[in-house]
Visitor: 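Sending over a structure as C-alpha cells; questions will come in a sec.
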Amino acid sequence: MKKKLLLFMATVMLLTTPASVSLANDAVIVEDDAVLSVEDEVETEEAVSNETESTAESETEDVQAEENFIVSVEEADDPSDEPAAVSIVASGTWGDNVTYTLDDTGKLTISGTGDMEDYSIPGNTPVDYIRRYVTEIEIEDGVTSIGALAFYYMFYLEKITIPDSVTSIGGRAFMSCNSLTSIEIPDSVTFIDYLAFFNCKGLTSIVLSNNITSISNGLFYNCKNLTSIIIPASVTNIVKEAFSGCTSLSYAFYPGTEGDLTIGSSNSCLTDVLQYGQCSLTNIEIKNMIRQLPDIPVNMMN
C-alpha cells in the first residue's frame with residue numbers, strides 16, 4: 001500500500017511541475033510584454049512630446065520671422081528715412097536772362113546765362129525782401145557776373161559756390177556778410193570791384209583768383225578776423241585801404257619781388273606782415289597751400 005502511495009505522489013509531481021513552470025514562464029513573458037508595452041508607450045509619448053516641441057519651435061520661428069518682416073517693412077516705409085522735400089518759397093528774375101529761387105532750407109540759387117544786373121542803391125535789389133533768410137548761395141554755371149550789391153547785408157550767409165563761368169564781381173557784392181568765414185574765387189574771375197568784401201567781420205580766409213591784376217579800393221576793409229592771405233603773382237597793384245582795419249592779419253605772402261607790386265596808402269595791416277619771395281609752385285599748388293593757411297611754413301615759399 002505504501003509503495004502505491006509513493007508511486008501516486010511521484011506521478012502527481014511529474015504531471016504538475018511542467019504546468020507550474022509553464023505558468024511561471026507565461027507570467028515572465030506577460031511581465032516582459034508589459035514592460036515592453038510601457039517602454040513603447042514612453043517612447044511614443046517622448047516622440048509626441050518631441051514632435052510637439054519641434055512644432056512649437058517651428059511656429060515660434062515663423063512668428064519671429066513674420067515679426068521681423070513686419071518691422072523691416074515698417075522701417076522701409078518710415079517716412080523719417082526719406083529725404084525731406086524742399087519747397088521754393090521765393091523766386092524772380094535778376095536781369096534779362098538770370099533768375100533766382102530761395103528754398104525753405106535757406107539756399108538761394110542763381111540760374112541762367114549772362115550777367116546779373118548791377119544795382120547802385122541799397123534796397124533796390126530783387127532779393128532785398130528775403131536777404132535775412134539766406135544761409136547758402138549757389139550760382140549755377142552760365143552766370144557770368146555777380147552784380148554790384150548783389151548779396152549785401154546777408155548777415156546769415158555762411159557758404160557760397162561760384163562757378164568758372166563767372167568773370168567779375170561787382171562793388172559791395174558781399175558787404176557785411178558777417179557769417180561768411182571763407183570764400184574761394186575761381187581763376188575765371190579777372191576783376192573784383194571796390195568794397196566787394198567790405199566789413200565781412202567773420203571772414204578768416206580767402207582764396208583769390210590767379211588772374212586778377214589789381215586789389216581794389218577797400219576790398220577787404222574792416223575784415224577784422226582775416227588772418228592770412230596770399231596775393232597772386234598776377235597782381236601788380238593794391239589800391240588804397242584795400243586791407244585797412246584787417247587787425248588780425250598775421251600772414252601775407254606775395255610770390256614776387258617788392259618792385260613787382262605797388263601798394264597804396266592805408267594798408268599798414270598788410271605791409272607790416274607781407275613777405276616776398278620767388279615761387280616756382282604752380283597756381284594749383286599755391287591754392288592748395290592757401291587752403292591750409294596759416295600752417296604753411298614760410299621757407300616752403302622761398
Side-chain angles (χ1 to χ4, degrees), residues 134-139 146 150-152 154-164 166 169 172-212 214-235 238-239 241-256 261 263 267-277 279 281-302:
V134 177
T135 59
E136 178 183 354
I137 296 174
E138 180 180 359
I139 302 174
I146 297 174
F151 309 123
Y152 83 101
M154 289 189 175
F155 300 120
Y156 306 109
L157 175 64
E158 298 176 350
K159 178 183 178 182
I160 181 166
T161 303
I162 303 174
D164 290 337
V166 171
I169 299 175
R172 297 177 289 175
F174 296 94
M175 181 173 66
S176 295
C177 292
N178 292 332
S179 296
L180 191 64
T181 58
S182 64
I183 188 169
E184 182 168 340
I185 311 298
D187 289 342
S188 58
V189 173
T190 58
F191 178 69
I192 306 174
D193 209 350
Y194 74 108
L195 297 171
F197 299 98
F198 169 74
N199 205 40
C200 289
K201 295 178 181 179
L203 192 66
T204 60
S205 64
I206 184 167
V207 178
L208 291 171
S209 164
N210 284 298
N211 289 308
I212 59 172
S214 176
I215 293 181
S216 302
N217 179 23
L219 187 62
F220 300 107
Y221 193 106
N222 208 36
C223 292
K224 293 182 177 181
N225 286 302
L226 184 65
T227 58
S228 56
I229 192 167
I230 290 181
I231 311 298
S234 58
V235 172
I238 297 177
V239 183
E241 298 182 332
F243 291 92
S244 180
C246 296
T247 53
S248 296
L249 192 62
S250 59
Y251 180 87
F253 180 80
Y254 176 69
L261 185 65
I263 301 177
N267 279 307
S268 60
C269 291
L270 174 70
T271 56
D272 287 350
V273 297
L274 182 61
Q275 299 181 46
Y276 297 87
C279 180
L281 298 175
T282 66
N283 289 341
I284 294 177
E285 289 172 328
I286 290 175
K287 282 202 168 189
N288 288 334
M289 295 177 73
I290 294 172
R291 296 184 185 99
Q292 300 171 22
L293 285 172
D295 300 327
I296 303 172
V298 175
N299 58 11
M300 287 182 65
M301 305 295 291
N302 296 331

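Predicted model, so just to flag it, every value in this text is computed and none were measured.
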Visitor: Rounded at 0.5 Å granularity, tell me how far CD1 in Ile231 sits from CD1 in Ile238.
Guide: 4.5 Å
Visitor: Mind checking the OH-OG spacing from Tyr194 to Ser214? Nearest 0.5 Å is all I need.
Guide: 14.5 Å
Visitor: Among Ile192, Val189, Asp193, Val166, exactly one meets side chain to side chain contact (heavy atoms under 4.5 Å, CB included) together with Ile146. Which residue is that?
Guide: Val166
Visitor: Please answer whether the main-chain N or O of Asp164 pairs with a side-chain N or O of Ser188 as donor and acceptor at a distance below 3.5 Å.
Guide: yes
Visitor: Consider only side-chain N and O atoms of Ser234 and Asn211, and report whether a donor and an acceptor are under 3.5 Å apart.
Guide: no
Visitor: Can you tell me how far CZ of Phe253 sits from CD1 of Ile230, rounded to the nearest 0.5 angstrom?
Guide: 7.0 Å
Visitor: Are side-chain heavy atoms of Thr181 and Leu203 found at a separation under 4.5 Å?
Guide: no
Visitor: Minimum heavy-atom separation for Pro186 and Ser209, please, with both atom names.
Guide: O-CB, 3.2 Å
Visitor: Set out, in order, the CA-CA distance, both residues' side-chain angles and the distance that settles side-chain contact (heavy atoms from CB on, under 4.5 Å) for Glu136 and Val134, then state yes or no.
Guide: CA-CA 6 Å; Glu136 178 183 354; Val134 177; over 6 Å; no
Visitor: Minimum heavy-atom separation for Ser216 and Ala242, please, with both atom names.
Guide: O-CB, 3.6 Å
Visitor: Please check: side-chain N/O of Tyr254 versus main-chain N/O of Val235, any donor-acceptor pairing under 3.5 Å?
Guide: yes
Visitor: Taking the side chain as everything from C-beta on, heavy atoms only, tell me whether Lys224 gets closer than 4.5 Å to Asn222.
Guide: yes
Visitor: If you define the side chain from C-beta out and look only at heavy atoms, does anything of Ile229 sit under 4.5 Å from Leu249?
Guide: yes
Visitor: Only one of Leu219, Leu270, Ile263 forms a side chain to side chain contact (heavy atoms under 4.5 Å, CB included) with Phe243, so which one is it?
Guide: Leu270
Visitor: Mark yes or no for whether Thr227, through its side chain, and Thr204, through its backbone, hold a donor-acceptor pair below 3.5 Å.
Guide: yes
Visitor: Measuring only between side-chain heavy atoms, which start at C-beta, is Phe220 closer than 4.5 Å to Ile206?
Guide: yes
Visitor: Any side-chain to backbone donor/acceptor pair from Asn210 onto Ala233? Under 3.5 Å, distance only.
Guide: no
Visitor: State, with a plain yes or no, whether a side-chain heavy atom of Asn217 is found less than 4.5 Å away from one of Leu195.
Guide: no
Visitor: Passes side-chain contact (heavy atoms from CB on, under 4.5 Å), Ile185 versus Ile169? Steps please.
Guide: CA-CA 10 Å; Ile185 311 298; Ile169 299 175; 3.8 Å; yes
Visitor: In terms of the angle between their ring planes, are Phe174 and Phe151 parallel, tilted or perpendicular, with boundaries placed at 30° and 60°?
Guide: tilted
Visitor: With a 4.5 Å limit on heavy-atom distance, are the side chains of Tyr251 and Gln275 in contact?
Guide: yes
Visitor: If you measure from CG on Asn225 to OG on Ser248, what distance do you get to the nearest 0.5 Å?
Guide: 5.0 Å
Visitor: Answer whether the closest heavy-atom distance between the side chains of Ile183 and Ile162 falls below 4.5 Å.
Guide: yes
Visitor: Between Ile160 and Glu184, is a side-chain contact (heavy atoms from CB on, under 4.5 Å) present by the stated rule, with each step listed?
Guide: CA-CA 9 Å; Ile160 181 166; Glu184 182 168 340; over 6 Å; no
Visitor: Any non-hydrogen side-chain atom of Ser176 less than 4.5 Å from a side-chain atom of Phe155?
Guide: yes
Visitor: Would you compute the distance between atom OH of Tyr152 and atom CZ of Arg172 and round it to the nearest 0.5 angstrom?
Guide: 9.5 Å
Visitor: Drop me the distance from Asn178's CG to Leu157's CG, to the nearest 0.5 angstrom.
Guide: 10.5 Å
